[in-house]
Peer 1: 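Structure provided below as structure tokens; questions to follow.
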Amino acid sequence: MGYNPEIVEMFGVSRKDVRPITVEGAAGWVQKLIQHPHAWVIEAGGVLIGEIRLDRVDPQDRRASMAIGIYDAASLGRGFGTEAIMLLLDHAFGTMELHRIAIRVLAYNARAIRAYEKCGFIVEGREREAAFVNGHWHDDIMMGLLSREFISPHAPRVACGNTGEGE
């Protein structure tokens, strides 16, 4: 995990607060990820580019929140995040039998919002002035996805067009 100011700003970190990553910091991050029961690394071409996880998993209400971060600037906009989200959702709604996944995103993080919408998330609300970043207040967007709304990448596809039967 690196500390690219443009990337961590999307997570709500002010540029003035970005510090170079240390060996100890990286080791701590890896250990925390290893100990998390619902966290995975995202890799592309054998290189770690990010992480994705389910937090606050509630088995009673069958819900959780999702967090994702792509830390490699060269990997942004290439579909890796969308692919990771779809895999996580398939696992969450399939294997884990969850009913609802929620996510919060800063309103200025348009790239993330597009990725979440592409995966089926729906904007459910706005928390006004919830984050103080770079000397300004910013809104958080709350998004959610229900199991019945999710279309698994493994679901059988129905062919469209001429079926070969009478017209």
Side-chain angles (χ1 to χ4, degrees), residues 1-15 17-18 29 32-33 35-44 48-157:
M1 177 179 112
Y3 286 164
N4 178 313
E6 293 173 12
I7 291 175
V8 296
E9 186 176 56
M10 294 301 125
F11 307 141
V13 177
S14 293
R15 288 178 178 254
D17 296 329
V18 176
W29 175 78
K32 194 172 164 184
L33 210 56
Q35 293 173 346
H36 194 297
H38 305 289
W40 299 268
V41 297
I42 302 169
E43 73 171 57
L48 184 145
I49 63 166
E51 70 174 284
I52 190 166
R53 63 181 193 271
L54 290 172
D55 294 323
R56 295 183 291 285
V57 175
D58 181 338
Q60 172 65 37
D61 291 332
R62 295 177 33 218
R63 65 181 174 177
S65 61
M66 184 185 80
I68 182 172
I70 302 293
Y71 306 124
D72 175 43
S75 297
L76 292 171
R78 298 183 55 202
F80 297 124
T82 299
E83 181 181 359
I85 293 167
M86 292 299 283
L87 290 168
L88 176 127
L89 293 173
D90 198 47
H91 175 71
F93 292 133
T95 305
M96 295 178 69
E97 297 182 341
L98 294 179
H99 172 68
R100 173 184 167 73
I101 306 294
I103 193 159
R104 298 174 70 99
V105 59
L106 286 158
Y108 62 73
N109 193 344
R111 181 191 317 263
I113 293 168
R114 280 192 308 273
Y116 304 148
E117 288 176 334
K118 189 190 302 187
C119 294
F121 281 88
I122 296 167
V123 172
E124 297 177 330
R126 175 181 291 263
E127 187 175 9
R128 298 177 307 134
E129 297 185 4
F132 192 70
V133 182
N134 294 324
H136 302 282
W137 289 105
H138 299 278
D139 296 353
D140 266 343
I141 303 296
M142 274 69 73
M143 301 179 80
L145 180 63
L146 304 178
S147 57
R148 69 175 171 267
E149 300 166 335
F150 176 64
I151 300 171
S152 168
H154 298 106
R157 302 285 189 238

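Residue numbers start at 1 and run along the sequence shown.
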Peer 1: Please report the interatomic distance OG1(Thr82) to CG(Leu87), rounded to the nearest 0.5 Å.
Peer 2: 11.0 Å

Peer 1: Of all the heavy-atom pairs spanning Ile101 and Phe93, show the shortest one and how long it is.
Peer 2: CG1-CZ, 3.5 Å

Peer 1: Closest heavy-atom contact between Gly69 and Ile42?
Peer 2: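 What the structure gives for the nearest pair is O-CD1, 4.4 Å.
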
Peer 1: Kindly say whether Asp55 contributes a backbone atom to a donor-acceptor pair with the side chain of Ser65 at under 3.5 angstrom?
Peer 2: yes

Peer 1: Check whether any side-chain heavy atom of Tyr71 sits under 4.5 Å from a side-chain heavy atom of Glu51, and report yes or no.
Peer 2: yes

Peer 1: Roughly how far, to the nearest 0.5 Å, is CG of Asn109 from OH of Tyr116?
Peer 2: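 Going from the OH atom of Tyr116 to the CG atom of Asn109 covers 6.5 Å.
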
Peer 1: What are the two closest non-hydrogen atoms of Trp137 and Glu129, and how far apart are they?
Peer 2: CE3-O, 3.3 Å

Peer 1: Among Met96, Arg53, Met66, His38, which residue satisfies the side chain to side chain contact (heavy atoms under 4.5 Å, CB included) criterion with Leu88?
Peer 2: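 Output: one option passes, namely Met66.
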
Peer 1: Among Val105, Ile85, Ile113, whose side chain to side chain contact (heavy atoms under 4.5 Å, CB included) with Phe121 holds?
Peer 2: Ile85

Peer 1: Would you compute the distance between atom OH of Tyr108 and atom CG of Asp139 and round it to the nearest 0.5 angstrom?
Peer 2: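 Here the rounded value is 11.5 Å.
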
Peer 1: Give the minimum heavy-atom separation between Asp140 and Ala130, together with the two atoms involved.
Peer 2: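 Where Asp140 meets Ala130 most closely, the heavy atoms are OD2-CB, 3.8 Å.
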
Peer 1: Nearest 0.5 Å, please: how far is CZ in Arg104 from CD1 in Ile141?
Peer 2: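 Interatomic distance, Ile141 CD1 to Arg104 CZ, rounded to 0.5 Å: 10.0 Å.
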
Peer 1: Do the non-hydrogen side-chain atoms of Leu145 and Cys119 ever get within less than 4.5 Å of each other?
Peer 2: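 Not touching, per the 4.5 Å side-chain cut-off.
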
Peer 1: What distance separates Met143 CE from Ile103 CD1, expressed to the nearest 0.5 Å?
Peer 2: 8.0 Å

Peer 1: Using every non-hydrogen atom in the two residues, find where Asp61 and Asp58 come nearest and quote the distance to one decimal.
Peer 2: N-OD1, 3.0 Å

Peer 1: How long is the gap from CD1 on Ile52 to CG on Leu89, to the nearest 0.5 Å?
Peer 2: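 It is 7.0 Å, given to the nearest 0.5 Å.
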
Peer 1: Does the pair Glu124/Arg100 count as a salt bridge with the N-to-O cut at 4.0 Å?
Peer 2: yes

